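Written below as structure tokens is the structure these notes are about.
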Protein chains: 2
Amino acid sequence: MPKREGTTIAGKRDPKTRVKPTLDEIAERANTSRSTVSRAFSRPDLLNPKTVAQILAIAEEIGYRPNNMARALSTGRTGNIGLLVPDIANPFFPPLIKAIQSQADALGLCLFLGSSGESGARENTLFERLAGQTDGIILASTRLSEAQVKIHAARHPITLINRDMAGLPRVLIDTQAAVMEAVGFLAENGHRHIAYLSGPKESWSNQQRMEAATEACRRTDMRLSIIPLSEPSFEGGEAAAEEAVAAGVTAILAFDDLTAQGAHARLSALGIDVPRDISLIGCDDALPAMTYPALSTLSGLSQEAGRHALKLLCDAIEHRDGSQDMKVVLGARFILRDTAGPAPAGDAKDRDRS
Amino acid sequence: MPKREGTTIAGKRDPKTRVKPTLDEIAERANTSRSTVSRAFSRPDLLNPKTVAQILAIAEEIGYRPNNMARALSTGRTGNIGLLVPDIANPFFPPLIKAIQSQADALGLCLFLGSSGESGARENTLFERLAGQTDGIILASTRLSEAQVKIHAARHPITLINRDMAGLPRVLIDTQAAVMEAVGFLAENGHRHIAYLSGPKESWSNQQRMEAATEACRRTDMRLSIIPLSEPSFEGGEAAAEEAVAAGVTAILAFDDLTAQGAHARLSALGIDVPRDISLIGCDDALPAMTYPALSTLSGLSQEAGRHALKLLCDAIEHRDGSQDMKVVLGARFILRDTAGPAPAGDAKDRDRS
DNA sequence: TTGAAAGCGGTACCAT
DNA sequence: ATGGTACCGCTTTCAA
């Protein structure tokens with residue numbers, strides 16, 4: 001039995017003591033019923049305008065705030081949406097989150113955020129917790145298996161970002177064409193051996209990029225070294241850069257901008273100049289111009305992705321039929337800035353040290 | 001009246017159709033009462049172990065998930081906490097958010113995130129919305145006035161980050177000593193005229209920094225130009241850098257790292273070398289080593305701040321007495337990296353162009 | 001146009 | 001150790 005502060009000894013409401021105003025309080029003051037007050041907010045058109053005005057006035061006066069949870073309990077709608085990301089500290093996500101957040105509150109929705117720390121297990125836990133208090137959840141770059149995603153999707157509306165699963169609403173940032181462009185650029189500039197710093201296995205984006213890089217290298221007859229990142233972070237990039245150097249490449253394509261920056265830092269520390277000695281290309285444009293020298297990259301589109309995702313999610317929440325197979329694809333492009341250029345002179349062939 | 005999918009024509013539950021299991025469903029199957037089932041979860045020690053085991057088994061079998069909102073309605077506790085930041089895209093916040101998020105879910109709490117877009121009005125709206133579904137809210141670098149904060153604090157547990165208001169739990173990152181160190185370093189290195197790029201007026205952090213810079217310059221007999229940023233962003237930094245150059249300074253102290261990077265970009269674009277021509281110092285260490293050349297800055301501590309803040313908030317939620325005036329102060333330090341050094345030779349006096 | 005009342009899914013007091 | 005029951009605050013059908 002909930003104890004409410006603000007009750008007198010007699011157990012009746014003490015008008016002096018400030019408590020959270022409820023519909024009943026308004027009803028009492030307005031000499032009307034709870035139903036009427038409720039309608040004054042939800043369907044004022046059904047009521048006598050005077051009644052509505054009076055109720056609204058009183059509500060305002062005593063500082064009434066509707067109780068979201070009670071409403072949710074009754075309607076089955078929470079007015080909240082959830083967003084799960086692998087790592088909020090990865091610069092790819094903040095703009096995405098921001099876009100979703102701002103659109104959400106334009107729609108009167110509140111946003112629950114979960115950062116899973118790149119762990120599938122945590123992501124599952126967070127999902128369970130959020131599912132109970134949201135109308136739907138956006139899974140961005142999920143590290144969950146298809147099977148797990150399906151299980152969740154069966155219980156709760158879901159929208160995916162950067163994960164391609166038929167039957168679920170999803171928005172995909174397609175970087176394959178951009179990767180091809182980038183590799184093409186490198187090929188034309190005399191590079192013969194490049195590295196791809198590969199991100200998380202579960203990442204759809206990573207699979208796409210690796211695949212495109214492989215294909216592009218095959219076509220341009222370039223050698224490709226795939227170097228797995230220990231983790232998709234600045235530190236991961238540093239370590240991988242070292243391996244890339246050991247492999248003797250003249251250009252590095254990194255899983256994302258954060259790892260690219262890590263690679264850049266390590267290369268510089270090793271006395272290797274970018275782009276003179278080694279060209280470097282990131283992905284996502286997550287640090288737009290924030291880097292110096294400006295990082296070449298593949299365009300980000302995370303904000304657009306966020307907007308579309310929320311839209312799809314809302315649709316999914318409305319017609320729960322799920323009959324439609326919604327899929328939005330955004331095409332990224334290669335952005336040439338200052339970290340990529342011609343291969344070092346006298347390096348037309350491979351400078352592999354083996 | 002909530003329409004539940006999964007009811008037969010007769011209006012009774014159809015065991016075949018999957019609906020959200022409730023306490024009653026379990027009670028029915030276990031031939032016991034709702035109270036008992038409820039206790040099996042909350043106070044199993046009061047029950048016969050066999051009963052508990054049986055209930056848990058059934059719950060597991062039918063995939064029961066307690067309904068948070070119903071629980072909250074009854075107990076008055078939501079198990080959620082809110083976090084409001086001015087701009088999630090500002091790199092100072094993600095680490096902060098991450099720290100809070102991960103500690104929150106260690107405590108079994110869910111995190112509501114709001115990004116106000118540097119607008120006090122939006123921050124108020126978000127606060128209202130979150131207040132109804134959280135047990136407490138952390139206000140990070142709030143742009144709200146003291147009066148507004150007080151009003152909110154009167155209705156809902158609050159903890160402040162980087163805002164010093166007596167009576168409210170707060171954690172402060174004190175950068176004054178670090179600013180003094182930084183200015184001292186510049187003075188010793190021959191600088192005679194520096195600029196401070198000033199952030200939002202409402203920002204406590206900015207006030208602290210500006211004050212410290214002013215005082216330090218007074219002591220070291222340096223000239224200080226205070227240049228207000230149009231906004232605390234990369235772009236704001238770019239514009240301000242131009243003004244700093246026009247003022248003829250040899251060193252720039254920026255409100256934060258993001259603006260510092262903006263300044264750096266513009267300086268480079270103007271052909272001004274950092275640190276040869278102009279020294280640059282940021283604040284917050286929000287881009288730890290992510291920049292190249294590595295930005296000199298004041299240490300960040302946002303993660304520590306986040307952890308402390310959540311702790312204080314939980315305390316505030318427990319003993320709602322508010323009798324204690326809790327305040328945690330974290331001291332930042334000057335971190336010398338590659339963007340700050342001696343003033344340009346032959347520039348012992350001012351190179352002001354006026 | 002309005003009111004009465006039955007829930008929504010739990011919790012916790014009071015009995016048994 | 002358990003069951004009955006009165007809430008929590010709001011929505012919505014049904015009747016008046």
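Just so you know, these numbers use all the heavy atoms, side chains as well, and skip hydrogens, waters and symmetry mates. Throughout, a chain's letter reflects where its sequence line sits, starting with A, and its residues are numbered from 1. For clarity, every value in this text was computed on a predicted model and none was experimentally measured.
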Value in whole Å for how far the [atom2] atom of [N] lies from [atom1] of [X]:
| X | N | atom1 | atom2 | answer |
| --- | --- | --- | --- | --- |
| D45(B) | dA1(D) | CG | C1' | 12 Å |
| L73(A) | dG9(C) | CG | P | 7 Å |
| E28(A) | dG9(D) | CD | P | 14 Å |
| D24(B) | dT11(C) | CG | C1' | 13 Å |
| Q54(A) | dT1(C) | CD | P | 16 Å |
| E25(A) | dC8(D) | CD | C1' | 13 Å |
| R77(B) | dG10(C) | CZ | C1' | 16 Å |
| R65(B) | dG9(C) | CZ | P | 16 Å |

Taking 4.0 Å as the cut-off, does a side-chain nitrogen or oxygen of [X] come that near to OP1 or OP2 on [N]?
| X | N | result |
| --- | --- | --- |
| T32(B) | dT2(D) | no |
| T51(A) | dT1(C) | no |
| S33(A) | dG3(C) | yes |

Does the distance from a Lys or Arg side-chain N to an Asp or Glu carboxylate O, for E123(B) and R143(B), drop under 4.0 Å? no
Mind checking if [X] touches a base, just sugar-phosphate, or nothing, with heavy atoms under 4.0 Å?
| X | answer |
| --- | --- |
| R43(B) | nothing |
| Y64(A) | sugar-phosphate |
| S42(B) | nothing |

Among I137(A), L107(A), I100(A), which one satisfies side chain to side chain contact (heavy atoms under 4.5 Å, CB included) with I81(A)? I100(A)
Which nucleotide sits closest to the side chain of [X]: [options]?
| X | options | answer |
| --- | --- | --- |
| N67(B) | dG9(C), dT11(C), dT2(D) | dG9(C) |
| S74(B) | dC8(D), dT1(C), dT11(D) | dC8(D) |
| T36(B) | dT2(C), dG3(C), dG3(D) | dG3(D) |

Step through the shown structure and confirm whether more than 12 heavy atoms of other residues, nucleotides or ligands are within 6.0 Å of CD on E28(A).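 No, not enclosed.
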Which comes earlier along DNA chain C counting from the 5' end, the contact point of R39(B) or that of A70(B), where each point is its nearest nucleotide? A70(B)
5' precedence on DNA chain C between L46(A) and S35(A) (nearest-nucleotide basis):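 Looking at the nearest nucleotide for each, L46(A) comes out on the 5' side.
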Classify the ring geometry of H152(A) against F127(A): parallel below 30°, tilted from 30° to 60°, perpendicular beyond 60°.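 The rings of H152(A) and F127(A) lie parallel, inter-plane angle below 30°.
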Any donor-acceptor pair, under 3.5 Å, between the side chain of R71(B) and the base of dG9(C), if you only look at N and O atoms?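 No.
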Separation between CG (D45(B)) and CZ (R39(B)), nearest 0.5 Å, reads 11.0 Å
